[in-house]
Amino acid sequence: MTAAENVCYTLINVPMDSEPPSEISLKNDLEKGDVKSKTEALKKVIIMILNGEKLPGLLMTIIRFVLPLQDHTIKKLLLVFWEIVPKTTPDGRLLHEMILVCDAYRKDLQHPNEFIRGSTLRFLCKLKEAELLEPLMPAIRACLEHRHSYVRRNAVLAIYTIYRNFEHLIPDAPELIHDFLVNEKDASCKRNAFMMLIHADQDRALDYLSTCIDQVHTFGDILQLVIVELIYKVCHANPSERARFIRCIYNLLQSSSPAVKYEAAGTLVTLSSAPTAIKAAAQCYIDLIIKESDNNVKLIVLDRLIELKEHPAHERVLQDLVMDILRVLSTPDLEVRKKTLQLALDLVSSRNVEELVIVLKKEVIKTNNVSEHEDTDKYRQLLVRTLHSCSVRFPDMAANVIPVLMEFLSDSNEAAAADVLEFVREAIQRFDNLRMLIVEKMLEVFHAIKSVKIYRGALWILGEYCSTKEDIQSVMTEIRRSLGEIPIVESEIKKEAGELKPEEEITVGPVQKLVTEMGTYATQSALSSSRPTKKEEDRPPLRGFLLDGDFFVAASLATTLTKVALRYVALVLEKKKQNSFVAEAMLLMATILHLGKSSLPKKPITDDDVDRISLCLKVLSECSPLMNDIFNKECRQSLSHMLSAKLEEEKLSQKKESEKRNVTVQPDDPISFMQLTAKNEMNCKEDQFQLSLLAAMGNTQRKEAADPLASKLNKVTQLTGFSDPVYAEAYVHVNQYDIVLDVLVVNQTSDTLQNCTLELATLGDLKLVEKPSPLTLAPHDFANIKANVKVASTENGIIFGNIVYDVSGAASDRNCVVLSDIHIDIMDYIQPATCTDAEFRQMWAEFEWENKVTVNTNIIYLNEYLQHILKSTNMKCLTPEKALSGYCGFMAANLYARSIFGEDALANVSIEKPIHQGPEAPVTGHIRIRAKSQGMALSLGDKINLSQKKTSF
């Protein structure tokens, strides 16, 4: 084991600015100084030894002048000093001075102060020299009977580490600790003793547990946690023991400690797949989520529930607990609520959908009463989407849900209202029996709608689905009410003229008469005084939108008026009524055109909107059957096509999900009976404790793909040339937030290389954790050096550096070999993710960093290029397959991914096939990348640039 890989117990922060003191001044302070100066000198000595200094002359000084002192701070510092100081001669024999140290520690183990005894016992756990420990064994044993629990629990730990490292020093340790455990009353001492028995003599631990299995629920939580671990390990190794201990795990689910409950539930799920066990564990998880105040804990436990749901056999059990899961919605945190709603939606079935909808409706109404907050709006959106999904999957529920949700069309939060509108649009198209109800509710809330976008959508729905004469009349009444007095221009000018105060000085310019494109006159009055504007609340909503210059809503209104007028003509046979209705519709359009051309609105009407309104006027004046068909049938058909495509997409993704979760068993697969399986074959399930320990240490055993390119060799980077005196190559292991560089260094010369040091520096958001320690390499010898690098965000990082060394016997300066750069690939941190179109657009508008990449490739097919980009960037295509199918010479697609640090990356691919250049011409176009951070946008752009061209193997 190299020096860098030795186990480190003590980390000390060193201020680097001060000059290191000389050995003579330190010796002087240690001999003649007072307690304070001795303490400072001892600290400096410790820091110098940690930095690699050899101070053999100070050892005897410290033994003579510092070791006899009774000051607690000095005693504590001496423990650190003896831990790090070299205790052997170069040939491996123990230094004679250490006998004196050993005697001092024997006295400390018999010291009347329990702190000194306890801390000395802790220090003995770190000693690796059997000769030093041997004389101390009687004193350590005696500490097991000390009156203070601090001493006893550290004595147990000391005995355990000595037994593990040097069994011959205390061969009867398990028996000794078992007897100690039986008589011990203190929880921490019992926990340490039981922990030792688990690892040293599992049978004794089981014997002890069998004697007190009925009292387990009365033990302290630290002991209960160790008992859970033991039961898990025993049952994992020997499944026949399950029946003996499973009742104990059930009892621990009722523990007062949340940590014990969590571990017991996790253990119960791995030991038993019986519905009662799964239900008890799930119930325990739900209680933990509700009672724990920390949101991180809530999210972790929710993840456990989601993992349970992934198992097909457990899903049915969890379906009965949906109402309990919904209790978690009382948590104010949005992320917790989001996960809970998603879980509830995945578990919903025809048995519990009615109860689910009732709870969600109550939650929606609650959000209306809460004071406005950003999260309240987002939560309302989540609830609306969940209710939407429920109604689509269970159409019987739609009638209950719609009246409640329609109230939110008048919500000031546009996003929540837009979600409701989308739901209503889908419901009115799918469920014929609800059309009357929806139209009626829509007419009720129509005048209260505050957002112009929602207003447009509501107009479209009313225009499309009003089928009776009464409804059409109601729509016209609502529109008139929303427009206010017409003609608009004249009434606004009159209003302003009437509101001017007589004492105001008004200079009126000459009145201009303008002729609009429609052939009507627009009167323009130039009042040069500041006109007192009427408060906007006094204006009807539609009039307000138009005077603000939003004429897109006018184009939407014209389409709606045309549809209802054409339908009215078909329904009412009386010619006079027909003409009267059509004329009214045309008057409304004309007055809007007139307003658009006047100077009253804040922004003039656009040409597109003029064209649209003019077209609608023309359609109404001619009333041709072709136009009637287009307005009244084909619009609805296109919506129907869009909804059915969306539904198909959802079904396909659900099918893929269920296929993923279904455990397929082949006809000739062997059946494993647990009772008949030999112990050594019980490797079907990994040990969870072992897995979590490996994950914490960054040694997660990933299953390597069968393809040799995906193996470790693919991640080896050559750092120097084969002809360099020192050859080096690095294996780059990315483990979520850190990168481990395993560098192989080979001495290719016939000389011994001393102080061979790997010096590294980083560029980007990378940080070197520690400096690798120097090595000595024999001729043609090799060594491995490990270096840890922390990663803070998603961007391409570069690690560069050199290897410096001295040649033994040479008088020249230090030699240096410069290393090649190691490029850290951004793809290790990016994972495909999904989001809705609305979320994508919102993020696209918010993110300030954009990187535009020009397509430069040798791929000649659009779809092939898109697939190549998806594969090389780890992004997910949000544009549905249907929209990308077919061939038309151009393609646009939205891509999305999220990094492990929670950063979002968006991309828009706009590509075309230049047909005029022939069939073999490559794809051209642009990819625009947007991200919150500059590093993410640039790194993703670099990745696309590097991998655009398809390489042929």
Engineer: Would you mind writing out the side-chain donor-acceptor pairs for residues 438-448 within the sub-3.5 Å range, not counting sequence neighbours?
Structural biologist:
unit_1 : atom_1 : unit_2 : atom_2 : d
Lys441 : NZ     : Glu407 : OE2    : 3.0
His447 : ND1    : Glu444 : O      : 3.3

Engineer: Kindly write out the residues that satisfy ring-ring contact (aromatic ring centres under 6.0 Å, His included) with Phe840, not counting sequence neighbours, or none if the list is empty.
Structural biologist: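 Partners of Phe840 by the ring-ring contact (aromatic ring centres under 6.0 Å, His included) criterion, ordered by chain and then number, come out as Trp844.
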
Engineer: What residue pairs, at least two apart or across chains, pass ring-ring contact (aromatic ring centres under 6.0 Å, His included) with a residue in residues 539-572?
Structural biologist: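 Found Tyr455-Phe545, Tyr568-Phe581.
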
Engineer: Can you name the salt bridge (charged side-chain N to carboxylate O under 4.0 Å, His left out) partners of Lys913, sequence neighbours left out?
Structural biologist: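 If we apply the salt bridge (charged side-chain N to carboxylate O under 4.0 Å, His left out) test to Lys913, skipping adjacent residues, there are no hits.
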
Engineer: Under the salt bridge (charged side-chain N to carboxylate O under 4.0 Å, His left out) rule, collect the residues that match up with Glu839, sequence neighbours excluded.
Structural biologist: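 Expected list: Arg385.
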
Engineer: Partners of Thr873 by side-chain hydrogen bond (donor to acceptor under 3.5 Å, both in side chains), sequence neighbours excluded?
Structural biologist: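 Here no residue qualifies.
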
Engineer: With Arg898, which residues qualify under salt bridge (charged side-chain N to carboxylate O under 4.0 Å, His left out), at least two apart?
Structural biologist: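 Listed in chain order: Asp904.
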
Engineer: Of all residues at least two apart in sequence or in a different chain, which pass the ring-ring contact (aromatic ring centres under 6.0 Å, His included) check with Tyr896?
Structural biologist: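 With sequence neighbours excluded, Tyr896 shows a ring-ring contact (aromatic ring centres under 6.0 Å, His included) to no residue whatsoever.
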
Engineer: If the condition is side chain to side chain contact (heavy atoms under 4.5 Å, CB included), which residues does Thr606 pass it with, not counting sequence neighbours?
Structural biologist: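 Applying side chain to side chain contact (heavy atoms under 4.5 Å, CB included) to Thr606 gives Asp608, Asp609.
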
Engineer: Using side-chain hydrogen bond (donor to acceptor under 3.5 Å, both in side chains) as the criterion, list what pairs up with Glu478, not counting sequence neighbours.
Structural biologist: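 So Glu478 forms a side-chain hydrogen bond (donor to acceptor under 3.5 Å, both in side chains) with Arg481.
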
Engineer: Considering residues at least two apart in sequence or located in another chain, which fulfil the salt bridge (charged side-chain N to carboxylate O under 4.0 Å, His left out) criterion with Arg480?
Structural biologist: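 For Arg480, the residues satisfying salt bridge (charged side-chain N to carboxylate O under 4.0 Å, His left out) (neighbours in sequence not counted) are Glu584.
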
Engineer: Could you pull out all residues at least two apart from Arg543 that satisfy side-chain hydrogen bond (donor to acceptor under 3.5 Å, both in side chains)?
Structural biologist: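 Arg543 satisfies side-chain hydrogen bond (donor to acceptor under 3.5 Å, both in side chains) with Ser491, Glu492 once adjacent residues are dropped.
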
